[in-house]
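Just so it is clear: chains get the letters A, B, ... in the order the sequence lines come, proteins before strands, and each one is counted from 1.
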There are 2 protein chains.
Amino acid sequence: MAVKTTKKIRDADATQSRILAAAKKEFAKSGLSGARVDEIADRAKANKRMIYHYFGNKEDLFRIVLEDAYTDIRTAEQALELEHLPAREALEKLIRFTWNYYLKNPEFITLVNSENLHKARHLKQSDKIEVLFKRFVGMVGALLDRGVQEGVFRPGIDPVQLNITIAAIGYYYLTNRFTGSIVFQRDLMAPAALEERLAFNIETIMRLVCLDF
Amino acid sequence: MAVKTTKKIRDADATQSRILAAAKKEFAKSGLSGARVDEIADRAKANKRMIYHYFGNKEDLFRIVLEDAYTDIRTAEQALELEHLPAREALEKLIRFTWNYYLKNPEFITLVNSENLHKARHLKQSDKIEVLFKRFVGMVGALLDRGVQEGVFRPGIDPVQLNITIAAIGYYYLTNRFTGSIVFQRDLMAPAALEERLAFNIETIMRLVCLDF
DNA sequence: CACATAATGCACTAACTAGTTACTTCTTTA
DNA sequence: TAAAGAAGTAACTAGTTAGTGCATTATGTG
């Protein structure tokens, strides 16, 4: 079946996509409570009625936006194909990826923060998240094992703790960039500062994981 | 002048304290947008009018709550007197303190998150914060220098990067404890998990900073 | 082309929410 | 002890906000 290229006046899929993109922006900008449904409708150039038609209500919309965000980062991670690299290079690639993903997708961080403010009550309702993460933790676990076999990593490191730490040192810096820039009296988002931070983070993890560094 | 111990029916100071405490809870629970002024008044067992009388408006109240929270943690840090300990012990004490402070004062984390969602526009208005942090960064800088002199720390570590990392590895774990417990399928707040995390964090920093660990 | 169905728009409401007005009650001090 | 000012209250307002009822319009299919 040929894909229609005619620009339809009415296009359910396109409208839903626009609503999701708009919702992501608005929820990321203002949080769940601060986000305005009218604002989402405006941004999406859709009628508010459509939001309720396709997504039920504000909270359901938030849940779907959140699920999409998680799916997106985990999918990108799968595409790294770390298993084809020597362990140390693979680890560094993972650190760089995590940092750059947060940097280029600041909405991800804000959405996760918002969800935690609400004690993860939306994520609890989701069933497709667990599988996503099981695969991811497995990936890092395999990487650690391989590094030990190659004789470059220390044995006995918990992949979950390592994952959390790799995420933490990037996430915290970026989510708190506004207060951080004030209290430390330097522009944490200046290109040089970002490079410096990434280098520091790589060093932190390498010293933690590698036998000699 | 003797301090009155008689329980006054009307007590401006006591009312202000109750409002501040209530506001801290409510803002921490629901964020700035999600917090309700009526709810704060109820929690404080004060009339809503009093909030506007003493604190101007909701945003000003938030700013004061935030300033108090920052002052509180930095004051507690000063009390550590790290300069009286060998550098390695002092560093470990700082890591433990940071972790335990976040653990016992979860509102602090939520308030800072909320402020960053709003691009730190309230902190920008504050003037007493910079001094607080200058002293703190100076303290860690002095500790690093001393460790180098003692021959136990690597030279050339940026105290700001180190501060950020020490905060990050605790803060991220705790702020994302709800989503984290779901995606990693383990209770991140179980006593054993908390101990394990603290140990992992100490190891991370020690390996980063110490010459041999 | 006609009909069923899906997409969309408009105008509304019921509940909520920050902030205020006008007043009463208590406390201090000259 | 009386007056002045500070502390406190209740009821209200003006604006906002999530969610809906219902009519209308486009689209694919037989």
Between the protein and nucleotides 17-22 of chain C, which nitrogen or oxygen pairs are less than 3.5 angstrom apart?
residue: C:dT17; atom: OP1; partner: B:Arg36; partner atom: NE; Å: 2.7
residue: C:dT17; atom: OP1; partner: B:Arg36; partner atom: NH2; Å: 3.4
residue: C:dT17; atom: O5'; partner: B:Arg36; partner atom: NE; Å: 3.3
residue: C:dA18; atom: OP1; partner: B:Ala35; partner atom: O; Å: 3.3
residue: C:dA18; atom: OP1; partner: B:Arg36; partner atom: NH1; Å: 3.2
residue: C:dA18; atom: OP1; partner: B:Lys58; partner atom: NZ; Å: 3.1
residue: C:dA18; atom: OP2; partner: B:Val37; partner atom: N; Å: 3.2
residue: C:dA18; atom: N7; partner: B:Lys48; partner atom: NZ; Å: 3.4
residue: C:dG19; atom: OP2; partner: B:Tyr52; partner atom: OH; Å: 3.2
residue: C:dG19; atom: OP2; partner: B:Lys58; partner atom: N; Å: 3.1
residue: C:dG19; atom: N7; partner: B:Lys48; partner atom: NZ; Å: 2.8
residue: C:dG19; atom: O6; partner: B:Lys48; partner atom: NZ; Å: 2.6
residue: C:dT21; atom: O4; partner: B:Arg49; partner atom: NE; Å: 3.0

side-chain contact (heavy atoms from CB on, under 4.5 Å) involving A:Ile73 - partner list, sequence neighbours excluded: A:Glu77, A:Phe97, A:Tyr101, A:Tyr102, A:Phe108

Interatomic distance, A:Phe55 CZ vs D:dA18 C1' [rounded to whole Å]: 17 Å

OP1 or OP2 of D:dG8 less than 4.0 angstrom from a side-chain nitrogen or oxygen of B:Thr15, does that happen here? yes

Scan residues 17-31 of chain B against DNA chain C and write down, sorted by residue number, each residue with any heavy atom closer than 4.0 Å; if none is found, say none. none

To the nearest Å, give me how far apart CG (B:Asp13) and P (D:dG8) are. 10 Å

Residues that B:Arg49 engages under salt bridge (Lys or Arg N to Asp or Glu O under 4.0 Å), provided they are two or more places apart: none

Round to a whole Å and report the spacing from CD1 of B:Ile51 to P of D:dA7. 16 Å

Figure out the CZ/P separation between A:Phe62 and D:dA18, and round it to whole Å. 14 Å

Under 4.0 angstrom between A:Tyr54 side-chain N/O and C:dT8 OP1 or OP2: yes

Using distance alone, with no hydrogens and no angle criterion, decide if B:Asn201 and B:Arg197 have a side-chain donor and acceptor under 3.5 Å apart. yes

Check the distance between C:dC26's C1' and B:Asp11's CG and give it to me in whole angstrom. 12 Å

Heavy atoms only: give me the nearest B:Phe200-A:Leu162 pair and the separation to one decimal. CZ-N, 3.9 Å

Given the side-chain rings of B:Tyr172 and A:Tyr172, with only the six-membered ring counted for Trp, is the space between their centroids under 6.0 Å? no

Smallest heavy-atom separation, A:Asn113 atom then A:Tyr171 atom, equals OD1-OH, 2.7 Å

Partners of A:Ser30 by side-chain contact (heavy atoms from CB on, under 4.5 Å), sequence neighbours excluded? A:Glu26

Rounded to whole Å, how long is the line connecting atom NE2 of B:His53 with atom P of D:dG5? 13 Å

Rounded to whole Å, how long is the line connecting atom CE of A:Met50 with atom C1' of C:dA11? 15 Å

Non-hydrogen atoms of A:Leu144 and A:Ile157 that approach each other most closely: CD1-O, 3.6 Å

Please name all residues satisfying side chain to side chain donor-acceptor pair (under 3.5 Å) with A:Arg36, sequence neighbours left out, ordered by chain then number. none

